[in-house]
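See below for the structure under consideration.
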Amino acid sequence: MNALGRTLTLVGAAALAACAGQPAPQPTPTPDTRAADEAALRATIRDWAAAAQAKDAAKFVSVYAEDAVVMLANAPDMNGIAAIREGVPGMMQDPAFALSFEPDNVVVALSGDLAYETGPYSMTMTGPGKKPATEKGRYVTVWRKQADGTWKVAVDAPVSDPPEPKK
């Protein structure tokens, strides 16, 4: 064994000896902020729903993250904030447009960086024959906490109820 090899062996042995008998460092526990995060999310969701009812496209879109995706039935996904900024105002300009939603469940991960909400929604748009057509269903929205502590939508996925049988 050459001198460098002996030196590295001695340094390694010394490091092991220094660590012997000492407990491994424990990770610092993440504080549980779920209750405060849920309250902040519920307030954001109320404002978001109010923006939909007011047909305020700019305020409605401002809740989405830069890389968000909106998955609507029978339509291509809107991937990214640019596509969402393009698609949402067009929907809201429909004279029959109405959207309402309210979460019945908001769950924040213990890590405090992700959350989801579920609930019922109702959306009306001009349908066939130029008559208002209402779609009802349930939705899931995935939220991601941003570096500044605000919450933004990462995934918005409404799932429409099956059509009611014709009478």
Legend entry - N/O donor-acceptor pair under 3.5 Å between Gln53 side chain and Ala51 backbone: no
Legend entry - Residue pair Tyr121 / Glu135, side-chain heavy-atom distance below 4.5 Å: yes
Inset, instruction - Give the intermediate values and the outcome of side-chain contact (heavy atoms from CB on, under 4.5 Å) for residues Asp156 and Met78. - result: CA-CA 10 Å; Asp156 188 7; Met78 288 184 256; over 6 Å; no
Legend entry - Sub-4.5 Å side-chain heavy-atom contact between Met123 and Phe97: yes
Inset, instruction - Give the cluster check for Ile45 versus Val140: same hydrophobic cluster or not, with ILVMFWY residues linked at side-chain heavy-atom distances below 4.5 Å. - result: no
Legend entry - Asp94 side-chain N/O to Thr126 backbone N/O, donor-acceptor pair under 3.5 Å: yes
Inset, instruction - Consider only side-chain heavy atoms of I, L, V, M, F, W and Y, link residues closer than 4.5 Å, and tell whether Val69 and Trp151 are in one cluster. - result: no
Inset, instruction - Might you confirm whether atom CD of Gln146 has over 12 heavy atoms from other residues, nucleotides or ligands at distances under 6.0 Å? - result: yes
Legend entry - Heavy-atom side-chain proximity of Leu41 to Glu117 below 4.5 angstrom: no
Inset, instruction - Would you please indicate if the ring centroids of Trp143 and Tyr116 are separated by under 6.0 Å? - result: no
Inset, instruction - Taking all non-hydrogen atoms of both residues into account, name the closest pair between Thr150 and Asp148 and its distance. - result: OG1-OD1, 2.6 Å
Inset, instruction - Give a yes or no on whether a salt bridge exists between Arg42 and Glu38, defined as a side-chain N under 4.0 angstrom from a carboxylate O. - result: yes
Inset, instruction - Can you sort out the partners of Asp104 under salt bridge (Lys or Arg N to Asp or Glu O under 4.0 Å), two or more places apart, ordered by chain and number? - result: Arg138
Inset, instruction - Would you mind reporting whether Lys152 and Ile81 have side-chain heavy atoms less than 4.5 Å apart? - result: no
Inset, instruction - Establish whether Val63 and Met71 are linked, either directly or via other cluster members, by ILVMFWY side-chain heavy-atom contacts under 4.5 Å. - result: no
Legend entry - Close side-chain approach of Ser62 and Trp48, heavy atoms under 4.5 Å: no
Legend entry - Separation between CG of Asp113 and CZ of Arg144, rounded to the nearest 0.5 Å: 9.5 Å
Inset, instruction - Kindly indicate whether the side chain of Met91, heavy atoms from C-beta on, has any atom under 4.5 Å from the side chain of Leu99. - result: no
